[in-house]
Q: 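Below you will find the structure I want to go over with you.
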Amino acid sequence: MNYKDTAEKLVPLLGGKDNIISATHCATRLRLVLQDDSKADKGEIEELEGVKGAFASSGQFQIIFGTGNVNKVYEQLQPHLGVQETENVSHSDAVKQKMNPFARFAKTLSNIFVPIIPAIVASGLLMGLLGMMKAFEWVSADSAFIVLLDMFSSAAFIILPILIGVSASKEFGANPYLGAVIGGILTHPSLLNPWGLAEAKPEYLNFAGMDIAMLGYQGTVIPILLAVYVMSKIEKGLRKVVPNSIDLLVTPFLTIISTGFIALIAIGPLGRGLGSGITTALTYVYDTAGFLAGLIFGGTYSLIVLTGVHHSFHAIEAGLLADLGKNYLLPIWSMANVAQGGAGLAVFFMTKRAKTKEIALPGAFSSFLGITEPVIFGVNLRYRNPFIGGMIGGALGGAYVVFTNVAANAYGLTGIPMIAIVAPFGTAAVVNYLIGFAIAVAGAFIATMLLGIKEEEKK
């Protein structure tokens with residue numbers, strides 16, 4: 001592939017460099033913020049060498065090149081992007097400016113929680129290893145290895161408010177180390193760790209006539225989000241009025257002391273109640289609606305992916321893990337993802353276009369590993385019916401995993417890799433997950449074959 005040639009041809013097809021506000025890339029896609037998305041010639045772009053699909057979503061025009069290619073195309077594209085080089089436009093800010101308030105809120109949550117996924121996944125895998133070692137008695141239950149592994153696996157959840165504090169501070173434009181301090185206050189050893197609460201009751205501290213429960217916020221999500229948001233407003237406000245000569249001393253001091261009091265007196269209890277309320281409501285729907293909930297959520301999740309809002313669900317999933325110790329939403333999302341792969345596989349067998357075959361097969365297997373963008377945007381949406389077939393398969397698979405109570409102990413992994421974070425719940429959970437996987441893929445494949453595709457629908 002000639003990366004330089006592709007990059008040179010890409011600029012005019014995007015409406016010229018004056019139409020490009022900002023550009024960046026992820027593992028598989030070139031992400032651009034354009035002044036006017038309608039100026040981009042999607043059809044011609046998709047015909048370029050190496051392009052596996054193009055689409056507009058979440059305020060960005062995204063072009064799929066695949067792992068290993070996208071970074072090289074971006075490197076060759078940079079010299080042609082004079083706008084962002086001279087004006088130093090923040091890509092994240094440029095994206096948000098093109099979004100409605102709801103999408104902007106979802107993007108904010110995504111930016112906060114996506115960076116900490118590796119820590120949560122690592123903890124989930126460690127918990128899975130620990131669970132298997134205990135279940136199969138590979139080593140003595142009181143061995144030093146088990147004790148240490150238990151520490152390693154629970155660490156990320158215990159300091160979750162600190163991790164979120166750092167990430168949220170960056171997103172809200174505050175000092176990330178002050179955010180970490182607020183997270184540390186909410187998880188201070190002087191506060192009773194709720195993970196080990198059992199029948200014990202927290203002590204109360206009387207402050208200014210108010211009783212403050214000395215209860216920690218280990219593993220919680222909403223309290224630290226609200227606290228850091230308030231902290232960011234306080235810090236920014238102080239920096240506007242505090243003289244530069246004493247800013248380093250005064251601003252951090254006043255920010256921490258004021259936010260600390262507000263967090264423990266008001267925000268903490270309020271956030272804990274709000275988080276518990278969300279968990280209770282979701283659990284009620286899950287328990288009451290049963291497989292119907294999986295049918296609906298599994299069927300509609302792919303539509304949510306199109307908006308980019310799905311990343312904001314990480315906040316809810318983290319709350320479920322903190323409150324219940326399990327994530328029963330992720331298996332549903334996984335069924336929706338792999339179903340799109342099943343639909344893409346059907347397209348591979350039905351299409352007569354060589355370029356579509358080149359995208360469909362690897363895109364389908366990519367979705368089985370949890371990466372759905374290539375098959376959704378590069379194949380299924382282009383023919384419409386396969387996307388609908390994927391929704392049908394996702395609904396069927398989602399219904400099954402809810403009916404059999406499949407859950408995970410982390411978030412961020414779907415498809416085949418998710419088996420590792422389902423395993424801690426036992427062999428039956430893994431078997432039911434795999435059955436749901438097969439139902440989703442087969443259901444989507446059959447539905448797509450029945451619905452068919454029309455080659456002339458390609459634009």
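Remember, predicted model here, so these are calculated numbers, not experimental data. In this chain, numbering begins with 1 at the start of the sequence shown.
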Q: May I ask you to decide if the ring planes of H25 and Y74 are parallel, tilted or perpendicular, using 30° and 60° as cut-offs?
A: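 Tilted, since the angle between the ring planes falls between 30° and 60°.
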Q: Does atom CZ of F403 have more than 12 heavy-atom neighbours from other groups under 6.0 Å away?
A: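 No - once you tally the heavy atoms of other residues, nucleotides and ligands closer than 6.0 Å, there are 12 at most.
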Q: Distance from I112 atom CD1 to S169 atom OG, nearest 0.5 Å?
A: 9.0 Å
Q: Determine yes or no for a side-chain-to-main-chain donor-acceptor pair under 3.5 angstrom, with S232 supplying the side chain and Y229 the backbone.
A: yes
Q: So, taking the atom named CG in L10 and the one named CD in Q76, what distance separates them when rounded to the nearest 0.5 Å?
A: 12.0 Å
Q: Would you check, one step at a time, whether the test side-chain contact (heavy atoms from CB on, under 4.5 Å) holds for L14 with F61?
A: CA-CA 9 Å; L14 289 168; F61 189 85; 3.9 Å; yes
Q: Would you say that more than 12 heavy atoms from the other residues, nucleotides or ligands in this model lie under 6.0 Å from the NZ of K9, or not?
A: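 Count not over threshold, so no.
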Q: Considering non-hydrogen atoms only, spot the tightest contact between V51 and K355 and give its length.
A: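 It is O-NZ, 3.1 Å.
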Q: If we only count heavy atoms from C-beta on, is the I224 to Y217 side-chain gap below 4.5 Å?
A: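 They are not in side-chain contact.
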Q: Minimum heavy-atom separation for A156 to S123, with atom names?
A: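 In terms of heavy atoms, the two residues are closest at CB-OG, 2.9 Å.
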Q: Look up atom CE in M335 and atom CG in L295, then write down how far apart they are to the nearest 0.5 Å.
A: 14.0 Å
Q: Quick one: CD on E49 to CG on N69, what's the gap to the nearest 0.5 Å?
A: 9.0 Å
Q: Rounded to the nearest 0.5 Å, what separation is found between the CG atom of L324 and the OG1 atom of T280?
A: 8.0 Å
Q: As a quick check of understanding, evaluate side-chain contact (heavy atoms from CB on, under 4.5 Å) for N405 and Y286, giving each step before the final call.
A: CA-CA 10 Å; N405 296 311; Y286 182 86; 3.8 Å; yes
Q: T288 side chain to V285 main-chain N or O, any donor-acceptor pair under 3.5 Å?
A: no
Q: Between F377 and F55, what is the ring plane arrangement, given parallel below 30°, perpendicular above 60°, and tilted in between?
A: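 Ring orientation, 0 to 90° scale: parallel.
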Q: Restricting to non-hydrogen atoms, name the atom on F425 and the atom on G325 that form the minimum distance, rounded to 0.1 Å.
A: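 Result for this residue pair: CZ-O, 3.9 Å.
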Q: Measuring from I421:CD1 to L126:CG, what's the distance to the nearest 0.5 Å?
A: 12.5 Å
Q: Say whether Y301 and N337, considering side chains only, have a donor N or O and an acceptor N or O under 3.5 Å apart.
A: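 No donor-acceptor contact under 3.5 Å links the two side chains.
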Q: What is the minimum heavy-atom distance between M418 and A408, and which atoms define it?
A: CE-CB, 3.9 Å
Q: Among L282, N327, V221, T279, whose side chain to side chain contact (heavy atoms under 4.5 Å, CB included) with I316 holds?
A: L282
Q: Could you tell me if the side chain of I278 sits less than 4.5 Å from the side chain of I222, heavy atoms only?
A: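 Side chain of I222 against side chain of I278, heavy atoms only: contact under 4.5 Å found.
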Q: If only atom types and distance count, is the side chain of N19 paired as donor or acceptor with the main-chain N or O of D36 below 3.5 Å?
A: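 Indeed, once roles are kept as given, a pair shorter than 3.5 Å links the two residues.
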Q: Find out whether L160 and L321 are in side-chain contact, i.e. whether some heavy atom of one side chain is under 4.5 Å from a heavy atom of the other.
A: no
Q: Closest approach of V402 and G290, non-hydrogen atoms and distance?
A: CG1-O, 3.1 Å
Q: State, yes or no, whether a side-chain contact exists between I120 and F157 at a heavy-atom distance under 4.5 Å.
A: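 Yes, close enough: below the 4.5 Å cut-off.
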Q: Do V441 and F368 come within less than 4.5 Å of each other through their side chains, counting heavy atoms only?
A: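 Yes, close enough: below the 4.5 Å cut-off.
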Q: Kindly say whether G452 contributes a backbone atom to a donor-acceptor pair with the side chain of N385 at under 3.5 angstrom?
A: yes
Q: Please determine whether the number of non-hydrogen atoms from other residues, nucleotides or ligands lying under 6.0 Å from atom CZ of F291 exceeds 12.
A: no
Q: Quick check: do R382 and I359 have side-chain heavy atoms less than 4.5 Å from each other?
A: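 Sidechains of I359 and R382: in contact.
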Q: With the side chain counted from C-beta on, respond yes when F349 and F445 share a heavy-atom pair under 4.5 Å apart, and no when they do not.
A: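 Answer yes - side chains close enough.
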Q: A side-chain contact here means heavy atoms from C-beta on lying under 4.5 Å apart; do T448 and Y383 qualify?
A: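 T448 vs Y383: side chains apart.
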Q: Start with the C-alpha distance between V375 and F365, add both sets of side-chain angles, then the distance that settles side-chain contact (heavy atoms from CB on, under 4.5 Å), and finish with yes or no.
A: CA-CA 9 Å; V375 75; F365 284 106; over 6 Å; no
Q: If every non-hydrogen atom of A440 is compared with every non-hydrogen atom of V338, which pair is closest and at what distance?
A: CB-CG2, 3.9 Å
Q: Using modelled atom types and a 3.5 Å cut-off, is there a donor and acceptor pairing between side-chain atoms of K357 and backbone atoms of F348?
A: yes
Q: Check step by step if side-chain contact (heavy atoms from CB on, under 4.5 Å) holds for F113 and L225.
A: CA-CA 11 Å; F113 283 92; L225 282 177; 4.0 Å; yes
Q: Give a yes or no answer on whether the side chain of S167 reaches the backbone of L163 with a donor-acceptor pair at less than 3.5 Å.
A: no
Q: Under 3.5 Å, which donor-acceptor pairs do the side chains of residues 430-438 form with other protein atoms, sequence neighbours left out?
A:
| unit_1 | atom_1 | unit_2 | atom_2 | d |
| --- | --- | --- | --- | --- |
| N432 | OD1 | Y400 | OH | 2.8 |
| N432 | ND2 | A428 | O | 3.2 |
| Y433 | OH | S334 | OG | 2.6 |
| Y433 | OH | G415 | N | 3.4 |
| Y433 | OH | G415 | O | 2.6 |

